[in-house]
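For reference, the structure discussed in these notes is given below.
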Amino acid sequence: MGKNLTKRSEDYSKWYNELVVKADLAENSGVRGCMVIKPYGFAIWEKMQAGLDKMFKETGHENAYFPLFIPKSYLSKEASHVEGFAKECAVVTHYRLKNAEDGSGIVVDPDAKLEEELIVRPTSETIIWDTYRKWIQSYRDLPLLINQWANVVRWEMRTRLFLRTAEFLWQEGHTAHATKQEAIDEAELIMNVYADFVEGQMAVPVIKGVKTASERFAGAVETYCIEALMQDGKALQAGTSHFLGQNFAKAFDVKFATKEGKQEHVWATSWGVSTRLMGALVMTHSDDNGLVLPPKLAPIQVVIVPIYKGMEQLDAISEKVAPLVKALRDKDISVKFDDRDTHKPGFKFNEYELKGVPVRLAIGQRDLENGTFEVARRDTLTKEIVAEADVIGKIVSLLQEIQANIYEKALKYRESHITFVDSYEEFKNVLEEKGGFIAAHWDGSAETEERIKEETKATIRCIPINAETEQGNCMVTGKPSSKRVLFAKAY
RNA sequence: CGGGAUGUAGCGCAGUCCGGUAGCGUACACGCCUGGGGGGCGUGUGGUCGCAGGUUCAAAUCCUGUCAUCCCGACCA
C-alpha cells in the first residue's frame, strides 16, 4: 500500500508534490510556474466553487466579470497597492508577431508596441474601482456587492503545485459601502463565510484573526484572515478579507451623494480564496497511502469494486449492484461502479485509496452467496462486512462520520500544536522541535516582528479574533502586551 | 540575480571519465494464464541522446556557445 508514495515522515514536501501528481489532481506544465489542473483535481475545485458561490449569493453577492488586462497607469493610482504587486507582474508590451526575416521562426513585431503597456491582473482592485466610479453616484447605488471567479497572475520566484503558482484560479469579491462600519461588517462577514466553508465543507479547522500591519494586503486598512495548520507544523493562510477604507475610492475618485446631499468617498472591501485551498485540503487530511477527501467535496463518494472470475460472475455482480447505484444516486451520493476488466481488484483498491474516495464497497462471489458487501472507509482504512439490506444506511452514516472524523482529527492535531511560550529561548526551541502555532506576547512593533522573522523565519500569522486579554511582556523586548499573537512558519 | 546540479523512449534512469552508431525499469499494444490488496510468462511498438556549431574516418560521449528545468539563497497577501 502506498508503495510508490514517499512517506510524510521522510520528506513531507516531496510527499505533497508526488501526491498531487499521482492522485491526478494537477501537474506542472510547459509554462514555468504554471500548472495543469487535471479533471479529478478540477472536479474538487468545482465542488469548492459551487459551495462558496452558494454562500456568496446567500449573503447578497452577485457575480460579474472584469478584464484580464489592466492598463499600467491604473495600477499606480493606489501607492501602497502598486508597491506590493509591482515586482511580480507580467506585462504585455506588444500585440503582434511576425515571421523573422532570417527565417528563424516567429518574433515579436517591434512595430506593434503598445502605447500603454497592459498588466496581466495580479488582482483586480484597480480595474474594478475604475469601473465602480461609473456605477456609483448615490447612496441608493450602495452597497455594491460583487464577486468574480477568475484567474490571476503573480510572477512568483518559486512555485509549488496549488500552494503557489504563477497563474492561479480564485474568486475575488469587491464591495462598496456607504459607511465605514458597513464595510468593516462586510469584511468580517466574509471572514466568517470563509471559515464556515473551510471548516464545514473542507473539514479544515481554521483560526480567525487579523494581520499585523506588515502582513497586510497592499492597500488595505485591515486584513482579516483564516489560518490553517498543516501536518508538518507549518501554517497556511487559507483566505483573506480586507477592509480597504477609502483608499481605493480616493485613488479612483469614487464618490456618492448621501441622503443629505453631501459628496463622500465610498468604503470598500475585497476578499479572496484561491486554488491554494486545494493545497490545504491535501495537506490537512492525506496520509502515506494517498489523499483523504472530505465526503462533501469528494468527486466520487462511493466506489464499488467487483471481484470476479469470468464474465458470468461480473454479470451477476452488476445485476446486484445496479439497484444500489440507483438508490445511492437518488440520495445525491456520487457513486462509481468500476467494472473495468483491465485492472485487478488490488490495483483498484490502491488507486481509490490514492485518490481519497471516502467509501469503498467490494463485492465478490463470497458476498453474493452471503448477501453482503465489504465496506471500507478511507479515513481509518478499516473494513467491515455489511448485510445487503443495511448497506445504504451504512454508507449514509459513514459519509457523515468520515466528514466529522477527519475534522476532529485535524482539530485535535491543531489544538495540540498551539504552544504558549513566554521567553524567546523557549519560542525558538518550540519552533524548531515541535512547530505549529506559538502563542506569545509581542510588543506590537514592526521592528520586533521583523527581527523575529529574520532570526527564526517565523511570522505573526494573525492576532486571533477571540484572543483573550492577558497582561504580559513581549518575549523579545519585555515591553508590555495585552494579548498573545500567533506565530508560525508559514507556506 | 548569486551558488550548485541536470537535460538520453510517455515517466524514472544507466551509458559520458576511457568516442565505435543506444540500453534498463515502468508504461503502452497483442496473446495465454490469472483474479478477496498495486499478478505471471511470452511477443512487440516507441528515442534527430535539449538546441546550434566545432574536432574526428566515427560524437550521447571530447570542445565552444546557447536554451530550459530543478535545488539552495535572495524574493513572496
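So that the names make sense, note that chain A is the first sequence line, chain B the second, and so on, each numbered from 1.
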Touch class at under 4.0 angstrom, heavy-atom based, for A:Lys14 against every strand present: nothing
For atom CG of A:Leu361 and atom P of B:G37, their distance in whole Å: 16 Å
Summary of ring pair (Phe, Tyr, Trp, His ring centres under 6.0 Å) pairs that have at least one residue in residues 15-41 of chain A, sequence neighbours excluded: A:Tyr12-A:Trp15
Pairwise C1' distance for B:G12 and B:A59, with rounding to whole Å: 26 Å
A:Asn192 (side chain) donor-acceptor with A:Leu189 (main chain) under 3.5 angstrom: no
Nearest-angstrom distance, C1' atom, B:G38 to B:G25: 16 Å
Residue list, side chain to side chain donor-acceptor pair (under 3.5 Å) with A:Glu432, at least two apart or on another chain: A:Lys489
ring-ring contact (aromatic ring centres under 6.0 Å, His included) partner of A:Phe487, the single match among A:Trp442, A:Phe427, A:Phe437: A:Phe427
Atom-pair distance (CZ on A:Phe349; C1' on B:G36), nearest Å: 6 Å
Complementary nucleotide of B:A14, counting Watson-Crick and G-U pairs under 3.5 Å: none
Strand partner of B:C28, provided both Watson-Crick or wobble distances fall under 3.5 Å: B:G44
Nearest-angstrom distance, C1' atom, B:G47 to B:U26: 16 Å
Nearest listed nucleotide, side chain of A:Phe347, among B:G37, B:G38, B:G36: B:G38
Distance, P atom - from B:G10 to B:U16, rounded to whole angstrom: 23 Å
All pairs passing salt bridge (Lys or Arg N to Asp or Glu O under 4.0 Å) where residues 70-83 of chain A contributes a residue, at least two apart: A:Lys72-A:Glu117
B:A14 to B:A29 separation - C1' atoms, rounded to the nearest Å: 26 Å
Sugar-phosphate, base or nothing in reach of A:Arg160, heavy atoms under 4.0 Å: nothing
Partner set under salt bridge (charged side-chain N to carboxylate O under 4.0 Å, His left out) for A:Glu450, not counting sequence neighbours: none
Results of salt bridge (charged side-chain N to carboxylate O under 4.0 Å, His left out) for A:Arg340 - residues two or more places apart only: A:Asp338, A:Glu351
B:U66 versus B:A58 - spacing of their C1' atoms, nearest Å: 25 Å
Identity of whatever pairs with B:G7 - Watson-Crick or G-U, under 3.5 angstrom: B:C67
Watson-Crick or G-U counterpart of B:G38, or none if no pair lies under 3.5 Å: none
Results of salt bridge (charged side-chain N to carboxylate O under 4.0 Å, His left out) for A:Arg160 - residues two or more places apart only: none
Nearest-angstrom distance, C1' atom, B:U34 to B:G40: 8 Å
Sub-3.5 Å pairs of nitrogen or oxygen atoms, protein against nucleotides 33-35 of chain B:
residue: B:G35; atom: O2'; partner: A:Tyr308; partner atom: O; Å: 3.4
residue: B:G35; atom: N2; partner: A:Asp341; partner atom: OD1; Å: 3.2

Spacing between A:Lys38 atom NZ and B:C11 atom C1', to the nearest angstrom: 11 Å
Heavy-atom check, side chain of A:Phe66 versus side chain of A:Glu172, under 4.5 Å: no
Under 4.0 Å protein heavy-atom contact, by nucleotide of nucleotides 69-77 of chain B - B base, S sugar-phosphate only: S--BBBBBB
Complementary nucleotide of B:U21, counting Watson-Crick and G-U pairs under 3.5 Å: none
Pairing partner (Watson-Crick or G-U wobble, both distances under 3.5 angstrom) of B:G73: B:C1
Set of residues satisfying side-chain contact (heavy atoms from CB on, under 4.5 Å) with respect to A:Lys38, sequence neighbours excluded: A:Asp24, A:Glu27
Length of the CD-C1' vector between A:Glu18 and B:G12, whole Å: 11 Å
Euclidean distance for C1', B:U8 against B:C76 (whole angstrom): 36 Å
